[in-house]
Amino acid sequence: MSRYSAICHIIDQIRLTRDIFHLVLNAPDIARAARPGQFCMLATAHGKGLDPLLRRPLSIHDVGPSGRLEFLYRVVGRGTDLLAQKGPGDIVCVLGPLGQGFRLGTSSSSILVGGGLGTAPLLFLARGLEPRDITIILGGRDAQEIVRLDSFEKVAEKVLVTTEDGSLGIKGLVTSALERLDISPSSHIQHPPAIFACGPWPMMKAVCNWAAIRGLAVQVSLETQMACGTGICLGCATRSSGQDRYLHVCKDGPVFFATDIDWG
Ligand SMILES: Cc1cc2nc3c(=O)[nH]c(=O)nc-3n(C[C@H](O)[C@H](O)[C@H](O)COP(=O)(O)OP(=O)(O)OC[C@H]3O[C@@H](n4cnc5c(N)ncnc54)[C@H](O)[C@@H]3O)c2cc1C
Ligand code: FES
């Protein structure tokens, strides 16, 4: 699989909410090679500065014509704060695409579930899925956390929104929306939907439990702290469901089948 280390110009950087940003880079090689579910490591230091030294991992949100490479991220600390201060014309050094993305398969329908900024990889995923009977569930604490809704609505047959405070869509967690889909254990024996999830660990665990009851396979995109992003530092280990084995999220993932993970 090809990966590139590229110096990319920022085409656009839009502040969507107080702390969520949509970054668009010009990165033709990475955009061409990228597959849904893969991520990039972005250097966030300004100019020739080395602080922070380590690049930060972000999921590929979308790719577009003429080499557009898009990210959706929340400012949580120093690296993302520095990235958010950059604007059109500034440069960002990017390593990618990295990791194993989603297996797209041939299921006749798909359900994509994202919580918080776990929605980021789902747009590119939805574009890559065939056939196109796609339901996307976007969950957040409140309406402010539901971003790029119009873009998601363009790539899916159905989009359901849940917010914990009820300020948008269904009041509750993403599982409230899953229950509304009325999928019983026997209703999809012939054509089981493919389930994809990305978000906080408890959310993904709940989605996996919902799917397990119905005998459905789930692919999850995991997040851990990452230093290198390329399998060298071994800092991104997560426990696998196999005996005494660790998986490395940057190299073996970030996308895994739920049954491969020890959910604790
Ligand atoms: C494969 C992958 C894809 C990701 N995709 C996205 C994305 O598309 N959009 C997005 O907003 N974020 C994404 N993240 C998380 C993002 O990498 C971190 O938020 C970012 O590295 C934080 O850097 P910082 O310097 O701003 O914060 P730091 O100063 O490094 O940390 C600030 C706080 O955030 C916590 N933190 C840092 N990294 C993570 C993490 N990976 N998971 C949970 N908590 C963390 C730290 O413990 C600390 O409390 C992804 C992470 C991985 C591993
Ligand atoms: S982040 Fe270094 S091995 Fe995964």
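Counting begins at 1 with the first residue of the sequence. Atoms within each ligand, like the ligands themselves, are counted from 1 in listed order.
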task: Check each of I170, L138, L168, T175 against T162 using the side chain to side chain contact (heavy atoms under 4.5 Å, CB included) test, and report the only one that passes.
output: I170

Test of proximity, [X] against ligand 1: N or O pairs below 3.5 Å:
| X | value |
| --- | --- |
| L72 | yes |
| P57 | yes |
| G77 | yes |
| S59 | yes |
| R74 | yes |
| V76 | no |

Is any side-chain heavy atom of [X] less than 4.5 Å from a side-chain heavy atom of [Y]?
| X | Y | result |
| --- | --- | --- |
| I137 | L181 | yes |
| W263 | C208 | yes |
| L42 | C93 | no |

If the threshold is 4.0 Å, N to carboxylate O, is there a salt bridge linking [X] and [Y]?
| X | Y | answer |
| --- | --- | --- |
| R18 | E145 | no |
| E70 | R148 | yes |
| R127 | D62 | yes |
| R78 | D81 | no |

query: Can you tell me the protein heavy atom closest to atom 15 (C) of ligand 1 and the distance?
result: E223 OE1, 3.4 Å

query: How far is atom 21 (O) of ligand 1 from its nearest protein heavy atom, and which residue and atom is that?
result: R56 CD, 3.4 Å

task: Would you check if the side chain of T119 reaches a backbone N or O of G115 as a donor-acceptor pair within less than 3.5 Å?
output: no

Side-chain donor/acceptor of Q38 to backbone N/O of I60, under 3.5 Å: no

Is [atom] near the protein, in the sense that some protein heavy atom lies at less than 4.0 Å from it?
| atom | result |
| --- | --- |
| atom 31 (O) of ligand 1 | no |
| atom 48 (C) of ligand 1 | no |
| atom 27 (O) of ligand 1 | yes |
| atom 44 (N) of ligand 1 | no |

statement: Protein-derived N, O or S atoms sitting under 2.8 Å away from atom 2 (Fe) of ligand 2 total 2

query: Does CZ in R180 sit with more than 12 non-hydrogen atoms of other residues, nucleotides or ligands closer than 6.0 Å?
result: no

message: For a salt bridge (Lys or Arg N to Asp or Glu O under 4.0 Å) check, start with the C-alpha distance between R214 and E179, then their side-chain angles and the critical distance, and finish with the verdict.
response: CA-CA 11 Å; R214 291 158 179 83; E179 297 298 344; 3.5 Å; yes

- request: Have a look at ligand 1 and work out which part of T224, if any, has a heavy atom under 4.0 Å from it: side chain, backbone, both or neither.
  value: backbone

message: Checking contacts here: is it the side chain or the backbone of R78 that comes within 4.0 Å of ligand 1, counting heavy atoms only? Could be both or neither.
response: backbone

message: Judged on heavy-atom distance to atom 38 (N) of ligand 1, which of M226, E70, Q38, Q225 sits nearest?
response: Q225

- line: The complete set of ring pair (Phe, Tyr, Trp, His ring centres under 6.0 Å) pairs with one or both residues in residues 73-116, sequence neighbours excluded, reads F21-Y73, F102-F196

